[in-house]
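As a basis for the values below, the full set of heavy atoms in this structure was taken, side chains included, without hydrogen atoms, waters or symmetry mates. Just so we're on the same page: letters track the sequence lines, and every chain starts at 1.
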Amino acid sequence: MSGRPIRITVDGEALTGIAGQSVAGVLLAAGRISWRTTRSGAPRGVFCGIGACFDCVLTVNDVPDVRACRRPAADGDEIRTQSREENA
Amino acid sequence: MSRHVVIVGAGPAGLAAVEHALRAGARVTVLDQAESPGGQYYRMSPEAYAAQHGGPEFTRRRRLLAHPRCQWWPGATVWAFDRAENRVHVLRGQSDGGGRQRLTLVPDALILATGAHDRTLPFPGWELPGVYTAGAAQALAKGERVAIGGRVLVAGAGPFLLPVAESLLDAGAEVVAVLEANPFATVRKGWSARPWRLAAHAGKAGELARYAATLARHRVPYRFGRAVIEARGANSVREVVTAEVRADWSVVPGTERTYEVDAVCVGHGFVPQPELAVAAGCALDGGFVRVDDGQRTTVDGVFAAGEITGIGGAVTAAAEGAVAGRVAAGETPGPALVRARDRAHTFAERLATAHPIGSAWRRWLREDTIVCRCEETTYGELVRATADPACPGPHALKLGTRAGLGPCQGRMCGPAVSELCGGTERHHRPIAQPIRLGELAARTEGEPE
């Protein structure tokens, strides 16, 4: 990690991370542990941390279903949380 | 014209395969989904990590990626293997991004070194935010300096829990306890028989001693025969229930204990990621890719090394990778390489014997316990479907309950569902990794030379 600070927004709120961190890392470091809801509306965040479980998907710069644990966070990324709720 | 060996995965097995395929004169292309080599073992910031984990070897092998006969493709996802055309389909670009570059490779030999991910048994509340796999805790702590919580309980089975606890402590978390579900007698018996045969892993003893010292310094209790049987909380974990378990992992009534925590990390060993081997038509044994003495799978020209052939840790994986690299490049591996590989297998056998999974874990489940995290299929639904004559096999069971049909395609729940329903795990996923429809429709670029 280079230590260079980066800024991303999550549902409009600004968060600061460090270059080299994943989107999941930035969110967790900011105290957010869930950012997705399942079909039943239950909250989910990171589970496996290495790209196998797909629990942590979110929308990055309008591209949906990006695994937060696999995507390095980039300065200026606009992140939106996702829902899989039925009729949502 | 030298042989073109394509290696999928740049962890310990893949990197050893690179070195030995190059030494045997082959032209090599190495692909990995990550941006930097090392796999899950050499987690990112490798310069710092290398000092502790057989560093010089990793550093040397990493440099080989710049060899004139080696092409290194980071950020590369192999999403399919076409058997008929012997074609490896690759997406290159941002992880899960749109508009990645679509490429194909037609290798003379293919070495699969795709590794494994954590196995986590289901228990009531395991779907709550704040419950993580041991691997997630490790990846975040080691790679990103982020602790998954302030007060963390580490539980499950296997020696991997120890470096996870150490990384959590390093990242500033308080570790309330480390719980190994197997009783001390099982672990001791598994590891200590004929200790001289573990010579290949002499470094492990020192590593274990270091973990023990770290836990003692931080006053973290390490307990045998205790397991996490429930996580509780409204929208995130607030407390976790542990209990003493017998050798078969059945709960000893009255031994429950509740800890207040804000995170739990659980690992019950590892499961292989054999999707590409299955796509290639390779035979599996108990979920692992079957290989012969030369790391050849049952499919001509396809080799496998590392955790997809059996869980044995980094040393075993690298020893297999070395043999695979030589053979795939058309050479016969020297006796020293073969001996090292065979010796390393002792470690894998010990690991399996010392840290088995007790069959009574299913008794931790309740009717409403979620088993398939993606589709929220409960234990009760699975039991009812298994008993229903209209659900005659794993396929009908899947369609009826949706277990394994969500985004992870059964990677998380597969072993548990097959154990609970008495079926065999199905690994066939024609698309090994997700691909966007736009990318699928895009024209494939030829093999770049």
Side-chain angles (χ1 to χ4, degrees), chain A residues 1-3 6 15 17-74 77 79 81-82 84-86, chain B residues 33-36 39-40 43-45 48 75 77 94-99 115-118 120 126-140 143-149 234-237 262-263 265 271 273 370 373-376 402 406-409 411-413 433-434 436:
Chain A
M1 261 182 271
S2 69
I6 53 168
L15 295 184
I18 301 165
Q21 275 186 322
S22 65
V23 170
V26 175
L27 285 161
L28 286 170
R32 290 197 180 215
I33 68 163
S34 63
W35 49 81
R36 186 178 79 87
T37 51
T38 63
R39 292 203 305 170
S40 74
R44 293 287 170 81
V46 175
F47 179 60
C48 83
I50 63 168
C53 79
F54 293 77
D55 258 354
C56 68
V57 293
L58 34 65
T59 299
V60 181
N61 304 327
D62 291 326
V63 178
D65 302 327
V66 174
R67 285 168 287 178
C69 69
R70 287 223 67 102
R71 172 63 72 88
D77 275 347
I79 313 283
T81 54
Q82 279 186 203
R84 232 189 123 200
E85 265 177 85
E86 267 154 32
Chain B
Q33 291 194 74
E35 293 303 318
S36 49
Q40 299 306 330
R43 262 326 285 190
M44 301 182 237
S45 57
T77 296
Q94 270 191 321
S95 191
D96 295 344
H117 61 74
D118 290 79
T120 305
W126 76 310
E127 74 283 4
L128 282 172
V131 178
Y132 301 86
T133 68
Q138 176 78 339
L140 287 156
E144 309 201 23
R145 308 274 178 267
V146 175
I148 52 164
N235 285 315
S236 64
V237 173
D262 57 4
C265 85
V271 283
Q273 308 195 101
I370 285 173
R373 298 172 63 89
C374 297
E375 295 298 322
E376 299 177 308
R402 294 202 55 81
C408 95
Q409 288 287 289
R411 286 177 176 87
M412 292 296 117
C413 68
Q433 285 287 324
R436 293 178 192 283

Please list, chain by chain and in numerical order, all residues satisfying ring pair (Phe, Tyr, Trp, His ring centres under 6.0 Å) with A:F54, sequence neighbours excluded.
-> none
Look at A:G17, A:P43, A:A42 and state which one has the largest set of heavy-atom pairs under 4.5 Å with chain B.
-> A:P43
Residue pairs, two or more places apart or on separate chains, that pass ring-ring contact (aromatic ring centres under 6.0 Å, His included) and touch residues 19-45 of chain A | none
Which heavy-atom pair separates B:C265 from B:I148 by the least distance, and what is that distance?
-> CB-CD1, 3.8 Å
Relative to chain A, which segment of B:A234 carries a heavy atom at a distance below 4.5 Å: side chain, backbone, both, or neither?
-> neither
In residues 23-32 of chain A, which residues are in contact with chain B at a heavy-atom separation under 4.5 Å?
-> A:G25, A:L28, A:A29
Part of A:N61 within contact of chain B (heavy atom distance under 4.5 Å) = neither
Using non-hydrogen atoms only, which part of B:V146 is less than 4.5 Å away from chain A: side chain, backbone, both, or neither?
-> side chain
For the student: nearest non-hydrogen atoms of B:G97 and B:R436, plus distance = O-NE, 3.5 Å
With a 4.5 angstrom heavy-atom cut-off, could you sort out which part of B:Q409 is near chain A: side chain, backbone, both or neither?
-> neither
Tell me, out of A:C53, A:S34, A:G51, who's got the most heavy-atom pairs with chain B below 4.5 Å.
-> A:C53
Leading residue by heavy atom contact count with chain A [cutoff under 4.5 Å; candidates B:A137, B:P434, B:P407] = B:P407
Closest non-hydrogen atoms of B:G406 and B:E375, given as atom of the first, atom of the second and distance, are CA-OE2, 3.2 Å
Nearest 0.5 Å, what's the CD1-OH distance between A:I33 and B:Y132?
-> 5.0 Å
Most chain A-contacting option - heavy-atom pairs closer than 4.5 Å, from B:Q433, B:Q94, B:H117 | B:Q94
With rounding to the nearest 0.5 Å, note down the distance linking CD1 in A:I79 to CG in A:D62.
-> 11.0 Å
Under 4.5 Å from any heavy atom of chain A - which part of B:C374 | both
Over all atoms of both residues, closest heavy-atom pair of B:M412 and A:F47 | SD-CE2, 3.8 Å
Could you list the residues that satisfy salt bridge (Lys or Arg N to Asp or Glu O under 4.0 Å) with B:R411, not counting sequence neighbours?
-> B:E275
How long is the gap from CZ on A:R44 to CD on B:E127, to the nearest 0.5 Å?
-> 6.0 Å
Determine whether A:L58 and A:R36 make a side-chain contact, defined as any pair of heavy atoms from C-beta on separated by less than 4.5 Å.
-> no
Under 4.5 Å to a heavy atom of chain A? For B:A34 that would be both
